[in-house]
Amino acid sequence: MEVKGSIMGKQLLYMYIDQFYGFQNQGFNFSSSERFGVLYGTKPLILRREEYEKPLKKGFFGNHILDVSVLIGNNGSGKTTLMKIICQWICFLSEGRLPQEKGVLVFRQDDRIRYIGFEKGNTLEIDAQIPEAEKFSVSELKGFFENLQLLYYSNTMTGLSVKNDDMLLDYSLTRRIIKAAEDGTLSGEAIIENYHREEFNKQVDTALKEHIEDFPMHYLQMEVCHLEFDTIKKHLPVEMYGILLNLSNLWNYYFKRHQQQKVSNQQLLAVELLKALLIGTIRSILQYDDRERDSVKALKRVVNFYNGSCREPGIEEGMGVVKQFLIDLVLDTGIGEKNEKKKQAIVRFVSILQSDFQNSDPQVVSPWKCDFEKDGKSIVQINIESDNRTRFTSFWEAYKKVGAYMEQVGFSWVASSGEQNWTSLFSILADVLGENVWLFLDEPDNTLHPDWQRKLLEKIIKTCNGENYFGKSAQLFISTHSPIMLSDTPGNSVIYLEEKENIGCQLDNTFGQNIYALFNDAFFLREGVVGTFASSKISEVLITLQKIEKGLLGGDLDSKKIGQLDSDLNDCEELAGLLGEPLMKGYIRDSVEKFKKWIERKIARKENNYD
């Protein structure tokens, strides 16, 4: 049944590669409702429509999805490479340039079929035997690809090596790590920390959006290091070390008494966060300010002022003093709009900590459980489910703006690698909000439990059809090794790539198919569906049984030979007990039982003859 309200958009229908990256004279159809082909070996190349018996109706995948193509094949068959070629060629065309390789692309723009051929950076003459097809002129290319976004996602070290930031959002793991190192001054460990921070922030932002359904992550872990002012020492000249003592005295004057006060763990956590912000902000100013000497002088000036104007000691008073201290320090060590934003961020964050410390029913820290102290850290578990989401969101939005100064405060998920990869994928999909997008998802089922693989394609489809995501259209290109995901895909939408010569073909009867059949047919496991280690063990047992039979036919048995046969049969019987496949298990057990009886008869016959 056709879905009402299905939108039109720009869709890749067909691609012909003459010779590139191992593909040779190969065409790929990315439409589940119509087929095209190129007759190569002719001059000019002939582009024609091919007969198609079982086209899918428009809207099969929902209102906003133009089509879904699922690429399967062995490792090395070219799934990622095919995605790379598409992205590379489309990025070239979007800049008004033609690729050097020889190829043909066919698109649908609303109700119009458009095509272009190219070779060596020039247009390639095509004999298009499709009456309604229109040839692209080079001058039209930029306009056609406006408002179209390509997004490539992979959670492996596979990269595209295609640079076009305007057209392509490259979310391969390689590119995300490279982006984390763009500062140029970071060490290897700092780059990884920066990568994890960026990933985590994006994921939490996604988790806190109310329209995200079935989000698997519910618990965060926060680690807050117990810092001392000595950590600032390396950023100060020797003659300024006295500042550290003054800072420590200032802090202790207001906060030391909390040891004698009745203060909850949640309130102590607020104090530790405040101290982390104070020390981190000072370190940031001293480390990155180009006017280093002025920064040290300003720090000394502010510290001396506050040491000389202390108020009544106490934590609540101290929080107010630290907030004003940070404001004065930030404003005194910099100028312009950037420092004003720093000031506002600090005011917001400290105000939240103040409010929660003073409130008998804290709005932010009350859902948090300070689980334990370890290696000078407070380890905190945070539940972000619906009841606590609003509270944590308020804290999180304020923390993100000062988090760069709080290196000793770390967040992580209490989650498995599969949950984190699921979260990573859907937080990235949220980045293309409202775009007309082609999604290239390279093995998104990596690390997922089979039950989650069952749900993945449906979740992606729901996401792309959601009103909060794509207001225009989406076309999906997904590679996988999962027969479970394949069973969610009509054969019209499946492209099987064979390793030899990167041959691509469509498969039938995949939709709703049982996984055993797909393992045998769609994934062409010609040598069976049992693992090779188990197969080798089974083969050893079968060979042993053959030798035992041959030995029993060979004549008399002495005690040594009987002992060896008993040992071999016991080994065979032991392996049969491990087998899950009932036919092979039964065959081995029956053979062992038969040979044991045979040995007993031989022994009895020998004893009778001896008597």
Side-chain angles (χ1 to χ4, degrees), residues 72-77 416-418 443 445-455 480-488 496-500 507-611:
I72 65 168
N74 296 333
N75 291 322
S77 61
S416 67
S417 60
E443 298 185 19
D445 51 293
N446 251 344
T447 74
L448 296 185
H449 184 276
D451 190 51
W452 281 24
Q453 292 179 23
R454 287 181 60 247
K455 302 172 183 177
T480 184
H481 289 290
S482 169
I484 300 174
M485 285 190 67
L486 194 59
S487 73
D488 246 359
Y496 179 79
L497 291 169
E498 290 200 70
E499 189 172 354
K500 294 181 180 179
L507 296 176
D508 294 324
N509 304 321
T510 58
F511 194 58
Q513 181 62 275
N514 72 73
I515 296 170
Y516 183 83
L518 291 174
F519 259 125
N520 279 281
D521 300 332
F523 285 87
F524 295 91
L525 297 179
R526 298 181 180 89
E527 297 180 7
V529 293
V530 177
T532 55
F533 178 69
S535 293
S536 67
K537 289 293 185 182
I538 294 170
S539 295
E540 289 175 8
V541 166
L542 295 179
I543 291 171
T544 298
L545 291 174
Q546 289 176 353
K547 289 180 178 179
I548 290 172
E549 184 175 25
K550 186 176 180 181
L552 291 173
L553 291 171
D556 294 336
L557 300 177
D558 56 29
S559 58
K560 182 178 180 181
K561 193 171 184 180
I562 291 172
Q564 183 62 50
L565 290 174
D566 284 340
S567 176
D568 290 343
L569 287 172
N570 288 335
D571 289 344
C572 293
E573 192 169 27
E574 184 177 332
L575 185 112
L578 297 176
L579 292 180
E581 204 284 314
L583 293 178
M584 182 58 67
K585 179 195 287 277
Y587 172 77
I588 293 174
R589 282 181 167 171
D590 289 346
S591 298
V592 168
E593 183 66 24
K594 179 180 73 173
F595 292 149
K596 282 184 175 181
K597 290 180 178 179
W598 194 343
I599 293 171
E600 289 174 358
R601 288 197 299 271
K602 274 186 164 284
I603 293 173
R605 189 179 303 117
K606 183 177 180 180
E607 290 176 347
N608 290 335
N609 291 337
Y610 180 78
D611 291 340

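Note that the structure is a prediction, hence the values are computed from the model and not measured.
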**Positive for side-chain contact (heavy atoms from CB on, under 4.5 Å) with Val541, one of Ile543, Leu545, Ile538** =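 Of Ile543, Leu545, Ile538, side-chain contact (heavy atoms from CB on, under 4.5 Å) with Val541 is met by Leu545 alone.
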Close side-chain approach of [X] and [Y], heavy atoms under 4.5 Å:
{"X": "Leu569", "Y": "Ile548", "value": "yes"}
{"X": "Arg601", "Y": "Lys597", "value": "yes"}
{"X": "Lys602", "Y": "Ile562", "value": "no"}
{"X": "Leu553", "Y": "Trp598", "value": "yes"}

Distance (rounded to the nearest 0.5 Å) between [X] [atom1] and [Y] [atom2]:
{"X": "Asn446", "Y": "Gln453", "atom1": "CG", "atom2": "CD", "answer": "9.0 Å"}
{"X": "Lys594", "Y": "Glu549", "atom1": "NZ", "atom2": "CD", "answer": "5.0 Å"}
{"X": "Asp488", "Y": "Lys455", "atom1": "CG", "atom2": "NZ", "answer": "12.5 Å"}

List the atom pairs, with distances to 0.1 Å, where a side-chain N or O of residues 572-590 and a protein N or O form a donor-acceptor pair under 3.5 Å, not counting sequence neighbours.
{"unit_1": "Glu573", "atom_1": "OE1", "unit_2": "Lys596", "atom_2": "NZ", "d": "3.1"}
{"unit_1": "Glu581", "atom_1": "OE1", "unit_2": "Leu583", "atom_2": "N", "d": "3.2"}
{"unit_1": "Glu581", "atom_1": "OE1", "unit_2": "Met584", "atom_2": "N", "d": "2.7"}
{"unit_1": "Glu581", "atom_1": "OE2", "unit_2": "Leu583", "atom_2": "N", "d": "3.4"}
{"unit_1": "Lys585", "atom_1": "NZ", "unit_2": "Ala576", "atom_2": "O", "d": "3.1"}
{"unit_1": "Lys585", "atom_1": "NZ", "unit_2": "Leu579", "atom_2": "O", "d": "2.7"}

**Asked** How about Thr544 and Asp568: does a side-chain donor come under 3.5 Å of a side-chain acceptor?
**Response** no
**Prompt:** With sequence neighbours left out, what residues match Asp571 under side chain to side chain contact (heavy atoms under 4.5 Å, CB included)?
**Reply:** Ser567
**Request:** Taking all heavy atoms of Ser482 and all of Asp445, pick out the closest pair and write down the distance.
**Result:**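 The answer is CB-OD2, 3.6 Å.
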